[in-house]
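One structure is given here, and the rest of the page talks about it.
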Amino acid sequence: MSADTNLNDSENEYSNYLPIKASALPTPELTDEGKDLPVYPPSAPIPKGFIGAIARTIQGAPPCVWVVNQHTEDITVVVSKYQPNRLFTGGDLNVSLTGGGIGFSTTTYLGPATQKTLAPQSRDEERSVGAFPLWTRRHDFGVISIFTGPDKILYIENDRIPAGCTAFFRNKPDLVFLAYNKAADST
């Protein structure tokens, strides 16, 4: 099989991760990862890094984040993986009289994302909280963007959100984060 054939197979396999319209993003409940997420964070400390990923797996902590809307109007929250995925697609070896080298080919594709509209906490406490999957325990954070109002005006773009934390949006440029164990104590 040639490298071109492998590349086309890879592109077809991951074609569902190509850029899509934000309105076409699924809600967390519609993804396989999001179906069994608890509404509120469990009460267990969460370490960081590779060791933290192992600890989260052993503890059974879901790789997710919770967002609470404490603003006065609806917000739309989009949570995604931290970085695009990289896929090895081929390699080559170059040899000549004057030198040589090894080359690797990779392709990147965007990882999954979900969106959910959250009501203000003052109007509907149950619909003001959303749980969002992170799809991996490799990184100890995900990426969050927040759109406000019925016109969905971008307010916060591509902020890092620590895994397992609860984020409170209060219509300010910075989200308020409660760490994994503190978030469970406050609910």
Side-chain angles (χ1 to χ4, degrees), residues 16-17 19-48 52-53 56 59-85 110-187:
N16 59 339
Y17 294 118
I20 60 173
K21 292 183 180 181
S23 60
L25 288 174
T27 61
E29 294 83 12
L30 295 178
T31 64
D32 291 337
E33 296 85 358
K35 288 180 182 173
D36 299 324
L37 293 180
V39 176
Y40 295 100
S43 59
I46 186 163
K48 294 181 177 181
R56 285 188 290 274
Q59 293 172 351
C64 63
V65 296
W66 291 266
V67 179
V68 179
N69 180 12
Q70 294 184 329
H71 184 38
T72 57
E73 60 185 359
D74 289 354
I75 63 170
T76 301
V77 180
V78 177
V79 175
S80 62
K81 280 184 61 178
Y82 167 63
Q83 61 189 19
N85 297 307
L110 298 177
T114 57
Q115 77 166 355
K116 186 173 187 176
T117 300
L118 303 177
Q121 191 176 31
S122 60
R123 189 174 73 207
D124 187 348
E125 188 141 342
E126 188 174 310
R127 287 187 47 236
S128 69
V129 179
F132 296 87
L134 291 180
W135 298 278
T136 181
R137 296 175 199 266
R138 181 175 168 207
H139 301 292
D140 59 342
F141 56 89
V143 176
I144 185 171
S145 295
I146 295 181
F147 301 84
T148 60
D151 297 331
K152 295 184 174 33
I153 299 168
L154 182 61
Y155 195 84
I156 295 177
E157 180 179 20
N158 297 334
D159 273 7
R160 288 172 59 166
I161 183 169
C165 82
T166 301
F168 295 90
F169 177 69
R170 299 179 175 157
N171 199 27
K172 294 184 180 175
D174 295 322
L175 293 168
V176 175
F177 297 118
L178 282 181
Y180 189 70
N181 57 344
K182 293 179 185 174
D185 295 339
S186 68
T187 56

Inset, instruction - Take W66 and V68 through the test side chain to side chain contact (heavy atoms under 4.5 Å, CB included) and record every step on the way to the result. - result: CA-CA 7 Å; W66 291 266; V68 179; 5.6 Å; no

Inset, instruction - Could you walk me through whether V67 and L118 pass the side chain to side chain contact (heavy atoms under 4.5 Å, CB included) test, one step at a time? - result: CA-CA 9 Å; V67 179; L118 303 177; 3.9 Å; yes

Inset, instruction - Run the numbers on I144 and V78 for side chain to side chain contact (heavy atoms under 4.5 Å, CB included), then give the verdict. - result: CA-CA 6 Å; I144 185 171; V78 177; over 6 Å; no

Inset, instruction - Evaluate the side chain to side chain contact (heavy atoms under 4.5 Å, CB included) criterion for residues Q70 and F169: first the C-alpha distance (whole Å), next the side-chain angles of each, then the deciding distance (0.1 Å), finally the verdict. - result: CA-CA 6 Å; Q70 294 184 329; F169 177 69; over 6 Å; no

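For the pairing with F147, the side-chain contact (heavy atoms from CB on, under 4.5 Å) check across L154, V77, I156, I75 returns one residue only, L154.
Contacts classified as salt bridge (charged side-chain N to carboxylate O under 4.0 Å, His left out) and involving residues 165-174 (residues at least two apart or in different chains) are not found. Sorted by first then second residue, the salt bridge (charged side-chain N to carboxylate O under 4.0 Å, His left out) pairs that include residues 144-155, not counting sequence neighbours, number zero.
With a 4.5 Å cut-off on side-chain heavy atoms, L178 and F168 count as touching. At least one side-chain heavy atom of Y155 sits under 4.5 Å from a side-chain heavy atom of P173.
Of all heavy-atom pairs between P133 and C64, the closest is CA-CB, 3.9 Å. Between I161 and A167 the shortest heavy-atom distance is CD1-CB, 3.7 Å. Heavy-atom minimum distance, E73 versus P150: OE1-CD, 4.4 Å.
The side-chain contact (heavy atoms from CB on, under 4.5 Å) test applied to P120 returns N69, D74, S122, R123, not counting sequence neighbours. Applying the side chain to side chain donor-acceptor pair (under 3.5 Å) criterion to T72, with sequence neighbours excluded, gives no partner residue. The side chain to side chain donor-acceptor pair (under 3.5 Å) test applied to T148 returns no partner, not counting sequence neighbours. Evaluation of the ring pair (Phe, Tyr, Trp, His ring centres under 6.0 Å) rule for F177 yields no partner, not counting sequence neighbours.
Going from atom CD1 of I146 over to atom CG of N171 covers 10.0 Å, rounded to the nearest 0.5 Å.
The closest donor-acceptor contact from the side chain of T76 to the backbone of T117 lies at 3.5 Å or more, if one exists at all.
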